[in-house]
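Single-structure report; data block below.
Below, all heavy atoms of this structure are taken into account, side chains as well, without hydrogens, waters or symmetry copies. Heads up: numbering here begins at 1 and tracks the sequence. These numbers come from a predicted model, not from an experiment.
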Amino acid sequence: AFAREVMVDVVRDYPEDTHTVRAWITLTYDGRGAKPDVVGREIATRLPHLTRELESCGAGVTRPCTADDVCRLVRVAYDPAATPTLDQALVDGDPPELGWSDVGPAAAQAAWDHYRHDSGLSVTWEMTEAPRGAVRAQVLARLLSPHRDVPRKRVTLLYRPIDASRAEK
């Protein structure tokens with residue numbers, strides 16, 4: 001009860017123009033040719049170790065997302081205006097049950113330079129070739145930093161292991 005009261009106070013009193021940084025890591029396994037239960041056991045075996053490794057490298061407290069977590073993430077990605085309502089429901093201990101049929105956009109319109117959906121607008125910029133020359137440690141700082149003209153920013157970095165013999169190409 002005390003923790004809930006503190007969270008209600010934080011939501012009420014915390015400045016609205018502050019920035020929140022959240023990180024999600026998605027791992028994709030190629031299970032072609034394997035039985036689903038075998039792949040499931042393999043992932044279940046690896047996941048605790050991967051979670052501990054993330055924590056030890058400075059990622060903070062980590063935990064696997066539940067199906068409900070993923071549904072909430074997708075819902076607010078398409079409808080950012082739903083965030084306060086969903087957050088308050090979590091604080092109140094009464095989160096709505098969301099399924100896949102509830103989380104996609106209720107309405108969407110695609111244009112050549114953006115995708116408008118519910119209360120949000122998505123724009124994608126994609127780097128198709130690595131920068132030439134030296135890449136400094138702060139190369140992504142501006143991309144990852146909050147920007148006053150962008151109220152909600154999502155950045156996806158996709159890493160794919162590449163065989164050392166092909167890496168230079």
Side-chain angles (χ1 to χ4, degrees), residues 4 7-32 36 39-40 43 47 50-51 54 59-133 135-162 166 169:
R4 187 171 286 123
M7 291 307 298
V8 168
D9 290 346
V10 167
V11 168
R12 183 190 65 234
D13 299 336
Y14 208 72
E16 289 187 26
D17 62 346
T18 59
H19 303 286
T20 301
V21 176
R22 295 180 183 155
W24 292 272
I25 296 174
T26 303
L27 304 172
T28 304
Y29 290 91
D30 184 354
R32 288 179 285 196
V39 174
I43 292 171
L47 200 55
L50 293 169
T51 302
L54 283 170
V61 176
T62 62
R63 67 172 178 79
C65 287
T66 65
D68 289 336
D69 293 335
V70 174
C71 286
R72 272 192 301 280
L73 290 170
V74 172
R75 180 70 225 137
V76 301
Y78 285 113
D79 189 10
T83 303
T85 303
L86 292 174
D87 287 351
Q88 187 62 51
L90 282 174
V91 169
D92 293 342
D94 190 27
E97 290 185 25
L98 297 173
W100 283 117
S101 61
D102 305 316
V103 299
Q109 182 179 21
W112 73 271
D113 63 343
H114 67 275
Y115 182 65
R116 182 173 300 282
H117 44 80
D118 296 346
S119 66
L121 179 80
S122 293
V123 178
T124 300
W125 290 280
E126 179 181 1
M127 181 180 79
T128 58
E129 185 175 309
R132 302 207 185 275
V135 178
R136 308 275 183 236
Q138 296 297 318
V139 70
L140 297 176
R142 288 185 60 208
L143 175 67
L144 298 174
S145 296
H147 193 284
R148 69 176 179 272
D149 296 332
V150 182
R152 180 175 293 230
K153 183 187 330 183
R154 285 188 171 78
V155 177
T156 300
L157 304 175
L158 178 62
Y159 291 95
R160 182 175 34 152
I162 299 174
R166 293 185 27 213
K169 294 177 185 171

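- Annotation: the span from M127 atom CE to L143 atom CG amounts to 10.0 Å, rounded to 0.5 Å.
- Side chain of T62 to backbone of T51: a donor-acceptor contact under 3.5 angstrom is found.
- In terms of heavy atoms, T83 sits closest to R152 at OG1-NH2, 3.1 Å.
- Nearest heavy atom pair, residue P64 against residue D69, reads O-OD2, 4.3 Å.
- Counting heavy atoms from C-beta outward, R63 and V61 have side chains that stay 4.5 Å or more apart.
- The two atoms that bring A81 and S119 nearest to each other are N-OG, 2.9 Å, heavy atoms only.
- In this structure, D118 contributes its side chain and P105 its backbone to no donor-acceptor pair below 3.5 Å.
- Atom OH of residue Y29 and atom CD1 of residue I43 lie 6.0 Å apart, to the nearest 0.5 angstrom.
- Contact of the V91 side chain with the V8 side chain is registered, since non-hydrogen atoms from C-beta on lie closer than 4.5 Å.
- Of all heavy-atom pairs spanning C71 and G99, the tightest one is SG-C, 4.0 Å.
- Between D79 atom CG and L86 atom CG the span is 8.5 Å, to the nearest 0.5 Å.
- The heavy-atom pair separating S122 from H117 by the smallest distance is OG-NE2, 2.6 Å.
- Separation of atoms CE (M7) and CG (D92) is listed at 11.5 Å; rounding is to 0.5 Å.
- Residues V76 and A82 come closest through the heavy atom pair CG1-C, 4.4 Å.
- With respect to D68 and R72, no salt bridge is recorded, no charged nitrogen being found less than 4.0 Å from a carboxylate O.
- Looking at R75, its side chain does come within 3.5 Å of a backbone N or O of G104 through a donor-acceptor pair.
- In R154, the CZ atom is crowded: over 12 heavy atoms of neighbouring residues, nucleotides or ligands sit closer than 6.0 Å.
- Between W100 and V70, some side-chain heavy-atom pair lies under the 4.5 Å cut-off.
- In this structure, L27 CG and L50 CG are separated by 6.0 Å, a value rounded to the nearest 0.5 Å.
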